[in-house]
Amino acid sequence: MVRSLEEESLMSGITHRVAQLLSEGEPGSTVTVGGWVRTRRDSKQGFSFIELNDGSSMAGLQVIADNTVPGYEETIKGVQTGSSIRVTGELKESPGAKQRVELHAKSLELVGTSDVETYPLQKKRHSFEFLREIAHLRPRTNTFGAIARVRNRVSHGIHTFFQSRGFLYVHTPIITTSDCEGAGEMFTVTTLLQESRAQGQESRAESQEPSAASLDPGSSTLDYSTDFFGKKASLTVSGQLEAEIYATSVGPCYTFGPTFRAENSNTTRHLAEFWMIEPEMPFYELDDNMQLAEEFIKFLINDVLQNCADDMEFFNQRIEKTVLETLRHIVEKDFRRISYTEAVDILTSAGRSWDYPVEWGHNLQAEHERFLTEEHFQQPIIVYDYPRAIKPFYMYCNDDGKTVRAMDVLVPRVGEIIGGSQREHRLDVLESRIKECGLDPEEYWWYLDLRRFGSVPHAGFGLGLERMLLLLTGMQNIRDVIPFPRTPKNAEF
RNA sequence: UCCCCUGUAGCUCAAUCGGUAGAGCGAGCGGCUGUUAACCGCUAGGUUGUAGGUUCGAGUCCUACCGGGGGAGCCA
């Protein structure tokens, strides 16, 4: 791509990021920075304080501009909250108490103006609900800048953790035709709708709306054999089954990508599009799986605490005043492992009434999980060996004939953050389980092949990235820890 | 999908029993100041989500729709 000189100089004009200057900038050096103005305060003695933020850190750089700066009088009027500027000047030690260094401008360029009358972000606190409506501007706020940096760090840490252990990063498909993964409602991927729309317009030139029947994917008029992929295709709800293919050939591996669920969920913990990490390990049994999950969560917490200290301090002060204490607590103690049966015993003998009765064989309700992790143990717990009747077909069946080797990691405040299991690797058991679950073994021919040829015990789990971010940041709504949340009735931006 | 709450100035909210629309912050102007959640004064800013209904009179009560939030289920 050919770049104009002007663009070239815009790109190359910046010599430093603000974070760099605040931590290690040498007084006396000449630097050029660019970013967005948070506030400006004028002194009547003919100079201005500009708080400049370029997104590299929580703290901004204080810029001092006076009337020796060329064009100061005209330029400074446009230097307002939201505008973008580029400043060249000398870094000096600051007499002010709140920063080590500040930038004394020699030149000040107003790159992009911003009308403070209409710029939605003001020099005041905004509600998260309001900021959600301006998701294109919210990363310019302290909170969402910090979330972006922590999210970036966690993503980095995920790769660091697995790569340092020799895991392979595997790209499992986004579009899948195995519509039987059982993890939830799926979004259909089809080109039939635009075809039927075109046909509808041909046949009925007056009407812009195709008939409802021809567009209803559930109606018999849609023939997926004529669709793009020749069969019904969907967005993935999990890369697990494909990850198992690679785990049983190239060894321990992990996926990290977007996942889609078409559930009509309206909660602070659910998204229609979210990011999930799914490691899958050959020769791992359930205990090994639990051990890895615990080490993984602890690693990510430590990594963020070390590398996002300012942002974490901000979350602790402004968002959730116990978040640092909670995280340190989690890192220090071993996760408590209890079987589902033990969990039921604890709940039934807790001496309190439940909105939903506790009974062996039923799923643990949110109130039950919250009691266990927040009140009874007050730390992360791993519940394992769930009743087989309430778990998917691929989980390893225990000898008791009643339970499978499933595990859920539950953490205070967030609830379930990891779900996983040891996989059923015995061909005959898996086949009968597929039938038991009312599924067709034919559909799983390749999955069964893995058990037919060189099967090994293996296990894996899924970590929800956004739920991990809720735990790390203390934020309460999952829609605020992903840049552009997709939820029922909302896919703006 | 179900239950509950909610929609008033740019933002966050108030408005008693149904009786003529208010504050703080933000913004503009002025003052003060090596300031930094700045401070002091003045000014502007409204079809109370939309459409109906009840009433002499509706921000307030009723109905429908739309939006937002919380909880439940599903799960990560």
Side-chain angles (χ1 to χ4, degrees), chain A residues 38-52 59-66 77 80-82 92-99 102 104 115-134 141-142 181-185 237-240 258-278 293 317-318 355-356 362-367 369-370 390-392 406 408-411 414-420 461-471 476-482 487-490 492:
Chain A
R38 288 291 177 79
T39 70
R40 188 190 92 215
R41 297 175 293 275
D42 292 332
S43 166
K44 271 299 174 294
Q45 295 174 14
F47 62 99
S48 304
F49 298 95
I50 304 164
E51 189 187 335
L52 178 68
L61 179 67
Q62 175 159 283
V63 175
I64 287 88
D66 61 25
K77 293 195 190 87
Q80 290 176 305
T81 303
K92 292 186 177 176
E93 284 181 26
S94 175
K98 301 210 171 177
Q99 58 276 321
E102 60 190 26
H104 288 246
D115 179 7
V116 289
E117 291 282 355
T118 52
Y119 183 57
L121 292 174
Q122 301 169 349
K123 219 169 65 179
K124 69 189 285 292
R125 284 187 81 117
H126 291 288
S127 68
F128 292 137
E129 290 81 6
F130 172 68
L131 292 171
R132 228 170 274 152
E133 294 170 6
I134 50 167
T141 63
N142 285 337
E181 297 178 36
E185 286 296 309
V237 292
S238 167
Q240 178 200 318
T259 309
F260 307 88
R261 304 272 167 93
E263 305 285 349
N264 191 6
S265 297
N266 291 288
T267 81
T268 54
R269 302 178 308 283
H270 290 86
L271 291 165
E273 175 184 293
F274 63 99
W275 287 64
M276 186 157 66
I277 301 94
E278 295 180 286
Q317 279 177 15
R318 295 296 192 82
D355 293 339
Y356 294 85
H362 288 68
N363 249 319
L364 296 180
Q365 301 294 313
E367 59 170 339
E369 295 183 345
R370 216 176 294 127
I390 58 171
K391 288 292 181 185
D408 281 356
V409 179
L410 310 177
V411 296
V414 178
E416 182 179 348
I417 200 169
I418 279 180
F461 60 82
L463 169 76
L465 177 67
E466 287 77 17
R467 290 192 180 169
M468 187 67 201
L469 282 163
L470 291 179
L471 177 67
Q476 295 191 341
N477 196 316
I478 202 162
R479 293 162 205 160
D480 295 328
V481 294
I482 188 168
T487 53
K489 301 276 186 290
N490 187 357
E492 196 61 53

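Sequence lines set the chain letters: A, B, ... in the order given, protein chains first and strands last, and positions in each chain run from 1. Note that these values count all heavy atoms, side chains included, but never hydrogens, waters or copies made by symmetry.
- Atoms NZ (A/K123) and C1' (B/U35) sit 11 Å apart, rounded to a whole Å.
- Comparing B/A76, B/G73, B/G69 by their nearest atom to the side chain of A/R479 picks out B/G69.
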Nucleotide-level pairing of RNA chain B, given in dot-bracket where Watson-Crick and G-U pairs need both distances under 3.5 Å and | marks other strands = (((((((..((((.....[..)))).(((((.......))))).....(((((..]....))))))))))))....

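- Close to B/G70, at under 4.0 Å from its OP1 or OP2, lies no side-chain N or O of A/T267.
- Shown here is A/Q99, whose CD atom has more than 12 heavy atoms of other residues, nucleotides or ligands within 6.0 Å.
- Side chain of A/E466 to main chain of A/I478: no donor-acceptor pair is present (N/O by atom type, distance under 3.5 Å, no hydrogens or angles).
- A distance of about 30 Å separates the P atoms of B/C4 and B/A76, rounded to the whole Å.
- If you check distances only, the side chain of A/R269 never reaches the base of B/A76 with a donor-acceptor pair under 3.5 Å.
- A donor-acceptor pair shorter than 3.5 Å cannot be found between the side chains of A/R261 and A/T259.
- In this structure, of B/G34, B/A76, B/C25, it is B/G34 that holds the atom nearest to the side chain of A/H104.
- For the residue pair A/D42 and A/S48, a side-chain donor N or O sits within less than 3.5 Å of a side-chain acceptor on the partner.
- Atom NE2 in A/H270 sits about 13 Å away from atom C1' in B/G71, given to the nearest Å.
- Considering only side-chain N and O atoms, A/R132 lies under 4.0 angstrom from the phosphate OP1 or OP2 of B/G69.
- Separating the P atom of B/A23 from that of B/C17 is a span of 22 Å, rounded to the nearest Å.
- Residue A/R41 places no side-chain atom within donor-acceptor reach of the base of B/C39, judged by atom type and a 3.5 Å distance cut-off alone.
- Atom-to-atom, NZ of A/K489 to C1' of B/C66 comes out at 11 Å; the value is rounded to the nearest Å.
- Within the 4.0 angstrom heavy-atom criterion, base atoms lie near A/L271.
- Distance from the side chain of A/P95 is smallest for B/G34 among the nucleotides B/G70, B/G34, B/U36.
- Checking B/G67, B/C74, B/C11 against the side-chain heavy atoms of A/F130 singles out B/C11 as nearest.
- Side-chain proximity of A/H126 to the nucleotides B/C11, B/G69, B/U35 is greatest for B/C11.
- Atom C1' of nucleotide B/G28 and atom CD of A/Q80 are separated by 10 Å, given to the nearest angstrom.
- Between the CD atom of A/E185 and the P atom of B/C74 there is a distance of 14 Å, given to the nearest Å.
- Looking only at distances, a side-chain donor or acceptor of A/E367 sits under 3.5 Å from a matching main-chain atom of A/Y356.
- The side chain of A/R370 lies closest to B/G71, out of B/G68, B/G73, B/G71.
- With distances taken from any side-chain atom of A/F274 to the nucleotides B/A76, B/G69, B/G28, the minimum falls on B/A76.
- A donor-acceptor contact under 3.5 Å is formed by the side chain of A/Q122 with the base of B/G10.
- The side chain of A/K124 sits closest to B/G24 out of B/G71, B/C75, B/G24.
- Scanning atom types as modelled, no donor and acceptor separated by under 3.5 angstrom connect the side chain of A/Q476 and the base of B/G70.
- Taking atom CG on A/N266 and atom P on B/U1, their separation rounds to 8 Å, with Å as the unit.
- Summarising the geometry of A/E185 relative to A/V237, their closest heavy-atom pair is O-CG1, 4.0 Å, with the distance given to 0.1 Å.
- Contact check, A/S265 against B/C74: no side-chain N or O comes under 4.0 Å of OP1 or OP2.
- For the pair A/L410 and A/E416, the tightest heavy-atom approach, listed with the atom from each and the gap, is CD2-CA, 3.7 Å.
- The nucleotide whose nearest atom lies closest to any side-chain atom of A/R261 is, among B/G70, B/A76, B/G34, B/A76.
- In this structure, CD of A/E133 is placed 9 Å from P of B/C11, rounded to the nearest angstrom.
- Across the protein-nucleic acid pair, A/H362 atom NE2 and B/G73 atom P stand 13 Å apart, rounded to whole Å.
- Comparing B/A76, B/A38, B/A72 by their closest approach to the side chain of A/Q365 singles out B/A72.
- Relative orientation of the A/H126 and A/F130 rings is tilted, given thresholds of 30° and 60° on the angle between their planes.
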